Amino acid sequence: MKIIIIGSVAAGTSVAAKARRNREDIEIVIYEKDSDISYSGCGLPYYLGEDYIEREDLTPRTPKWFKNRFNIDIKTQHEVLEVDTVHKQIKGCNLQTGTTFIDPFDRLVFATGATPIVPSIANINNHFTFMLRNVNHADLIDTYIKKEKPQKAIIVGAGYIGLELAENLKKRNIQVTIIDMSLLPAPNLDEDISIQVKNELDKNEVQFIGSETAQAIEEHQGKKHVVLNSGKKISTDMVIVCVGVRPETTLATKCGVKLGITGAIEVNQYMETNLKEIYAVGDCAQSFSSIDNSPMWVPLGSTANKMGRVCGDFITKGNFAFQGILGTGIFKVFDLAVATTGFTEKQLQKKNRNYVVHHNIKPNQSEYFNTSKEMMIKMLADKDTGKVLGAQIVGENGVDKRIDVIATAISFRATVHQLSHLDLAYAPPFSTTKDPVHYSGMVLRNAITERNKTLTPRELMEANENIMVIDVRASHQYNEGHIKNAINIPLADMRSKALTIDKNNKIVMYCNKGVSGNAAQNILQNLGFKEVYNLSGGYNNYVLTKSYLLSSK
């Protein structure tokens with residue numbers, strides 16, 4: 001049997017390696033039109049920003065290494081031009097010599113990845129505008145910076161790569177401006193998380209211009225500008241376009257491979273396409289949610305590796321099956337780590353799911369350590385079943401640990417009640433006695449059972465009914481800033497002052513983060529008040545949400 005794989009990097013090489021581990025008696029050939037294989041695309045921004053990261057660190061595997069270790073032939077700078085599924089052969093071109101060739105196969109795997117989206121910007125093809133998708137692109141940017149020594153750069157696109165790139169260009173003393181068509185950076189996240197990313201950019205003097213698109217790039221007498229759709233001109237010395245990627249399916253569709261609703265190749269759990277003995281893996285293939293089986297396309301190296309391993313096993317008569325994804329991801333922007341898993345609130349609203357949400361602000365470790373930093377966990381759960389549906393976390397320390405715990409919990413269909421019972425590792429340098437994950441589970445369980453109902457800042461702001469808002473902080477905190485029309489009853493006075501409050505009122509309590517608000521909520525409920533809510537994330541979260549809502553007007 002002969003397997004031909006079109007494309008290397010994470011998915012293609014994973015197919016080949018697993019197939020070889022299973023069987024020695026098959027021929028495996030990979031065709032790659034690029035000059036590099038198995039490179040770390042996620043490491044490209046750091047390659048540009050960290051002088052100790054070498055090119056070889058991002059390209060640790062070579063065709064010779066794969067040949068020696070796995071007896072796999074990888075032909076770089078060889079582009080596949082056609083796939084003949086009837087005669088089971090490919091037509092390709094050696095890009096170094098220009099010669100064409102025909103190669104037969106028994107099984108064929110598309111691992112063609114994703115291609116950068118090139119926006120419609122006038123004069124985008126110039127000597128100071130770049131894409132960032134592979135190591136060769138990074139080399140071009142690095143060479144330009146070393147030679148031209150730019151003082152200013154514009155990044156078009158505020159996704160993960162654009163944000164990571166901003167930090168790393170700043171490390172090279174380049175003033176950075178980010179332009180994005182969305183109001184806030186990291187637009188795939190919920191707005192109350194994205195606003196914190198925006199604040200981190202502001203803190204580090206990265207200008208973010210939202211709700212704008214680049215219309216043209218100009219150069220006149222050595223001066224360079226990007227022209228926005230509003231007509232405004234932003235001066236720059238270089239431009240890097242990072243507006244996203246789309247599945248590279250051109251070759252596949254030409255031979256009759258079916259695409260899914262996401263625009264990527266539709267595959268089953270064994271990576272089979274609609275054509276017999278034709279498979280697809282990685283960024284060119286459609287995945288599905290492991291929560292509700294809905295189609296998803298989230299191009300990540302981690303997913304590509306898993307897909308490749310399943311495919312290589314299935315082709316060689318194994319029994320692996322792909323289990324879907326949660327879209328788990330994390331990125332770093334200056335001091336902030338931002339992570340997500342499962343569904344966002346925006347996605348749940350589109351799905352019309354009955355859910356509850358809570359914003360939990362807690363330290364990553366015992367607060368007496370100077371490395372202790374607060375994180376916000378926004379967690380969502382199904383109101384009917386209690387199952388965890390998703391989470392987003394923002395913070396400086398310990399974010400990766402918590403998002404992975406939550407991703408694991410979702411994968412095994414855990415409920416919020418079960419979260420509070422997880423036996424997590426505790427020691428003061430690593431956590432608090434009740435981990436932030438425990439707290440999120442406990443609060444959401446109470447919200448679902450209506451023992452302690454919560455209200456989000458946005459729900460409070462958009463409420464069309466009379467709600468009594470009580471600030472339970474100390475008077476000096478109230479005087480420094482409070483929610484409009486809120487009355488101040490410090491927690492210590494709540495029991496005595498409760499006698500003056502009408503028990504028929506709908507009441508929202510708040511403190512800075514939610515803990516004291518919850519304590520006050522319990523007092524009123526135990527005294528017979530029927531409709532008492534705690535403000536999710538407290539006043540701190542209210543201020544963040546208000547800043548977003550004001551900027552959106």
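Side chains included, hydrogens not; waters and symmetry mates left out as well; all remaining heavy atoms used. Model, not experiment: these values are computed from the prediction.
- With respect to Tyr47, the side-chain hydrogen bond (donor to acceptor under 3.5 Å, both in side chains) criterion is satisfied by exactly one of Asp142, Asn168, Asp139, Asp57: Asp139.
- Thr59 and Asp36 form no side-chain donor-acceptor contact under 3.5 Å, judged by distance and modelled atom types alone.
- Thr177 and Gln207 are linked by a side-chain donor-acceptor pair at a separation below 3.5 angstrom, with hydrogens and angles left out of the test.
- Checked by atom type, the side-chain pair Thr340/Gln392 shows no donor-acceptor distance below 3.5 Å.
- Applying the ring-ring contact (aromatic ring centres under 6.0 Å, His included) test to Tyr160 and every residue at least two apart in sequence or in another chain returns Phe331.
- No side-chain donor-acceptor contact under 3.5 Å links Tyr510 to the backbone of Val469.
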Q: List the steps and the verdict of side-chain contact (heavy atoms from CB on, under 4.5 Å) for Ile234 and Ile154.
A: CA-CA 8 Å; Ile234 310 294; Ile154 288 177; 3.5 Å; yes

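- A cation-pi arrangement is present between Lys224 and Phe128, with the terminal nitrogen or guanidinium carbon under 6.0 Å from the aromatic centre and inside a 45° cone about the axis.
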Q: Kindly determine whether Leu544 and Gln196 satisfy side-chain contact (heavy atoms from CB on, under 4.5 Å), including the steps that lead there.
A: CA-CA 7 Å; Leu544 286 170; Gln196 298 183 64; 3.6 Å; yes

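- For the pairing with Ser235, the side-chain hydrogen bond (donor to acceptor under 3.5 Å, both in side chains) check across Gln151, Lys152, His225 returns one residue only, Lys152.
- Using modelled atom types, one finds no donor on one side chain facing an acceptor on the other under 3.5 Å when comparing Arg473 with Asn488.
- Judged purely by atom type and a 3.5 angstrom limit, Asn123 uses its side chain to pair as donor or acceptor with the backbone of Ile217.
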Q. Checking salt bridge (Lys or Arg N to Asp or Glu O under 4.0 Å) for the pair Glu167/Lys171: CA distance, chi angles, key distance, verdict?
A. CA-CA 7 Å; Glu167 176 186 352; Lys171 288 179 180 178; 3.7 Å; yes

Q. Do Lys223 and Glu218 pass the salt bridge (Lys or Arg N to Asp or Glu O under 4.0 Å) test, and can you show the C-alpha distance, the side-chain angles, and the key distance before you say yes or no?
A. CA-CA 8 Å; Lys223 293 183 178 180; Glu218 298 178 345; over 6 Å; no

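- For the residue pair Gln365 and Thr371, a side-chain donor N or O sits within less than 3.5 Å of a side-chain acceptor on the partner.
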Q: Evaluate the side-chain contact (heavy atoms from CB on, under 4.5 Å) criterion for residues Asn136 and Asp34: first the C-alpha distance (whole Å), next the side-chain angles of each, then the deciding distance (0.1 Å), finally the verdict.
A: CA-CA 9 Å; Asn136 289 330; Asp34 200 354; 3.0 Å; yes

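- For the pair Arg402 (side chain) and Pro436 (backbone), a donor-acceptor distance under 3.5 Å is absent.
- Judged by distance alone, the side chain of Gln521 and the main-chain N or O of Lys453 form a donor-acceptor pair under 3.5 Å.
- Using the six-membered ring where Trp is involved, Tyr542 and Tyr539 have ring planes that are parallel, under 30° apart on the 30 and 60° scheme.
- Phe130 has its ring centre less than 6.0 Å from the ring centre of Tyr144.
- Ser194 places a side-chain N or O within 3.5 Å of a backbone atom of Ala186 that can act as its donor or acceptor partner.
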Q: Go through the steps for His359 and Asp192 under the test side-chain contact (heavy atoms from CB on, under 4.5 Å), then give the verdict.
A: CA-CA 10 Å; His359 301 81; Asp192 45 10; 2.8 Å; yes

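- Pro428 approaches Tyr368 most closely through the heavy-atom pair CB-OH, 3.2 Å.
- Counting only heavy atoms from C-beta outward, the side chains of Leu184 and Val197 never approach each other to under 4.5 Å.
- Panel note: side chain Thr129, backbone Asn125; no donor-acceptor pair is recorded below 3.5 Å.
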